[in-house]
Amino acid sequence: MPENTSPFKLPPLPWPENALEPYITPNTLSFHYGKHHKAYVDKLNELLAGKPLADQPLEQIIKATAADADKKAVFNNAGQIWNHTFYWNSLRAKGGSNPIGTLASKIESSFGNLDELKKQLVDAGLTQFGSGWAWLVSDKGTLKVLKTPNAESPLTTGMTPLLTIDVWEHAYYLDYQNRRADYLKAVVDKIINWEFAAQNLAKA
Ligand code: FE2
């Protein structure tokens with residue numbers, strides 16, 4: 001995850017826009033990254049211009065505004081910037097690898113096996129009503145799957161995010177229309193970045 005402070009910039013994708021084909025197409029990415037993610041960056045810069053919060057790192061802005069109803073727009077746009085950058089890094093161009101080392105043993109102790117974790121990730125994404133995110137997190141050393149609505153993330157509840165899957169319709173509609181389950185299964189089976197999860201676990 002790149003360092004990110006105000007004025008915020010749209011971070012580069014960690015792979016070329018055609019790298020996730022056929023599971024996520026360049027057409028989806030051109031809108032999802034080029035329009036949606038960019039719009040959150042532009043909006044946050046607009047909202048924070050000249051404000052004291054503009055001097056804070058992105059994660060700090062998210063934590064500082066999570067419980068403040070008057071700063072909902074700042075929270076939503078900051079959260080969506082962070083969540084999207086984390087999501088791009090949760091995907092890898094050449095999927096198919098399996099978790100190894102500490103991550104693999106934690107998956108075994110927390111879920112029994114990798115298939116159960118994959119099933120829980122798909123279920124979390126499918127049962128998130130409306131827009132939101134499915135997450136693999138470390139909660140005091142135990143791995144858990146959870147879901148959050150809209151721009152929310154486990155950052156504000158003291159857990160360490162390991163990877164995420166965007167289940168806003170803009171993440172999959174051009175490629176899968178209403179078939180959110182097919183999108184989730186493709187991501188989990190074909191392009192999830194276990195190395196990124198392992199790096200985040202090592203820092204937890
Ligand atoms: Fe998104």
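Counting convention: from 1, in listed order, for ligands and their atoms alike. Residue numbers run from 1 in the order of the sequence given. Computed from heavy atoms alone, side chains included, the values below leave out hydrogens, waters and symmetry copies.
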Peer 1: Classify the side-chain pair Thr148/Trp135 by whether it contains a donor and acceptor separated by less than 3.5 Å.
Peer 2: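 A donor-acceptor contact under 3.5 Å links the two side chains.
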Peer 1: Could you tally the protein N/O/S atoms lying less than 2.8 Å away from the Fe ion (ligand 1)?
Peer 2: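 There are 4 of them.
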Peer 1: Taking it one step at a time, do His36 and His84 satisfy side-chain hydrogen bond (donor to acceptor under 3.5 Å, both in side chains)?
Peer 2: CA-CA 9 Å; His36 291 279; His84 279 89; over 6 Å; no
Peer 1: Can you find a side-chain donor-acceptor pair between His37 and Trp88 that sits under 3.5 Å?
Peer 2: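 Their side chains do contain a donor-acceptor pair, which is all the 3.5 Å distance test asks for.
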Peer 1: Taking atom types as modelled, is there a side-chain donor on Glu195 or Gln199 under 3.5 Å from an acceptor on the other?
Peer 2: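 Absent: no donor and acceptor within the cut-off.
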Peer 1: For Tyr183 and Tyr173, I'd like to know if the aromatic rings sit close, meaning centre-to-centre distance below 6.0 Å.
Peer 2: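 Here the rings of Tyr173 and Tyr183 have centres that are no less than 6.0 Å from each other.
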Peer 1: Does a donor on one side chain and an acceptor on the other come within less than 3.5 Å for Asn193 and Ser90?
Peer 2: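 Absent: no donor and acceptor within the cut-off.
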